[in-house]
**Q** 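Could you have a look at this structure, given as structure tokens, before my questions?
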Amino acid sequence: MNEPGQVLINRKEIAQKVEELAFSINQDYQNESVLFVGVLKGAVVFLADLIRYMSIPVEIDFMAVSSYGNSTKSSGEVRILKDLEQSIDHKNVLIVEDIMDTGLTLQFLSKTLHQRHPLSIQVVTLLDKPQKRLVNIHPDYLGFTIGDNFVVGYGLDFGEKFRELPDIHVLNQ
Ligand code: IMP
Ligand code: MG
């Protein structure tokens, strides 16, 4: 068990959604530049697809925070494992996340980055699992709302596996 099961969101649906999200982001920021902050490692594939639709000047950087390890449950504790390489003072920051579950990761990241005086800060997440939310936080841009299943593929892993799958699958547990 713990193998990828049926496809929940296929590559075509993902590609279309990424283009839609990019369209909104381009419109909202108009001629401003934006620093995309990818949350390692899951958001790497999403970020790479998203930035290729951007018509505004974009910079990218990455942060890594502690993850679930090999478990599919959140420990509720968040730590910075890798920080940004630059100051975000007076920059528009867009946090790019793969999936939002309890919301603890994004709450921590938003709080932490807010303290660094960016010009603005927004969040885009490809997936949202609202059923396990522990904090009152909403993404500014959202791809898909899904049920309380553990999913893999398109950057998302289970114990570092299955990130390379082009579609998003439910994990058979
Ligand atoms: P949160 O802090 O509970 O919102 O968890 C967010 C993080 O948990 C995401 O960045 C993912 O790395 C991981 N995560 C949550 N649900 C899943 C899932 O279904 N598949 C893969 N990773 C997940
Ligand atoms: Mg993640």
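For ligands, and for the atoms within them, numbers begin at 1 and follow the listed sequence. All values reported here derive from a predicted model rather than from experimental measurement. Along the sequence shown, the residues carry numbers beginning at 1.
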**Q** Report yes or no: do H138 and D140 form a side-chain donor-acceptor pair below 3.5 Å?
**A**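 No pair is found: no donor N or O on one side chain lies under 3.5 Å from an acceptor on the other.
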**Q** With a 4.0 Å cut-off on heavy atoms, does V152 reach ligand 1?
**A**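 It does not, in that no heavy atom of V152 comes within the 4.0 Å cut-off of ligand 1.
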**Q** Does even one non-hydrogen atom of N149 get within less than 4.0 Å of ligand 1?
**A** yes
**Q** Can you give me the closest heavy-atom contact between L165 and P4, atom names plus distance?
**A**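 Distance-wise, the nearest heavy atoms are CD1-CG, 3.7 Å.
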**Q** Report, in ascending order of atom number, the atoms of ligand 1 lying under 4.0 Å from any heavy atom of E97.
**A** 9 (C), 10 (O)
**Q** Please identify which atoms of ligand 1 are closer than 4.0 Å to at least one heavy atom of D157.
**A** 21 (C)
**Q** Going by an N to O cut-off under 4.0 Å, is there a salt bridge joining K132 and D148?
**A** yes
**Q** Just heavy atoms, cut-off under 4.0 Å: does T105 contact ligand 1 by side chain, backbone, both, or neither?
**A** both
**Q** One residue to check: V78. Relative to ligand 1, which of side chain, backbone, both or neither has a non-hydrogen atom less than 4.0 Å away?
**A** neither
**Q** So if I count the atoms of ligand 1 from 1 in the order they appear, which ones are less than 4.0 Å from some heavy atom of D98?
**A** 9 (C), 10 (O), 11 (C), 12 (O)
**Q** Are K17 and D49 ion-paired here, with the side-chain N under 4.0 Å from a carboxylate O?
**A**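 No, no charged N to carboxylate O under 4.0 Å.
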**Q** Determine, stepwise, if the pair D98 / R163 fulfils salt bridge (Lys or Arg N to Asp or Glu O under 4.0 Å).
**A** CA-CA 11 Å; D98 51 3; R163 295 191 196 277; 5.5 Å; no
**Q** Using non-hydrogen atoms of the residue, decide whether I99 is closer than 4.0 angstrom to ligand 1.
**A** yes
**Q** Is the closest heavy atom of V65 to ligand 1 under 4.0 Å?
**A** no
**Q** With respect to G103, determine whether any N or O atom, backbone or side chain, lies less than 3.5 Å from an N or O atom of ligand 1.
**A** yes
**Q** If you count the atoms of ligand 1 from 1 in the order shown, which ones are under 4.0 Å from a heavy atom of L156?
**A**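 Near L156, meaning under 4.0 Å from one of its heavy atoms, ligand 1 has 20 (N), 21 (C), 22 (N).
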**Q** Regarding E164 and Y154, do their side chains bring together a donor and an acceptor under 3.5 Å, going by distance alone?
**A** no
**Q** So, S120 and N92: side-chain donor and acceptor under 3.5 Å apart, yes or no?
**A** yes
**Q** With side chain to side chain donor-acceptor pair (under 3.5 Å) as the criterion, how do Y29 and Q122 come out once you've worked through the C-alpha distance, each side chain's angles and the decisive distance to 0.1 Å?
**A** CA-CA 11 Å; Y29 287 96; Q122 294 209 95; 3.0 Å; yes
**Q** So, is V151 polar-close to ligand 1, with some N/O to N/O distance under 3.5 Å?
**A**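 Min N/O separation from ligand 1 is below 3.5 Å for V151.
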**Q** With backbone taken as N, CA, C and O and side chain as the heavy atoms from C-beta onward, which portion of K129 lies under 4.0 Å from ligand 1: side chain, backbone, both, or neither?
**A** side chain
**Q** Hey, does the side chain of E19 reach the backbone of Q16 with a donor-acceptor pair shorter than 3.5 angstrom?
**A**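 Checking the backbone N and O of Q16 against the side chain of E19, no donor-acceptor pair under 3.5 Å is found.
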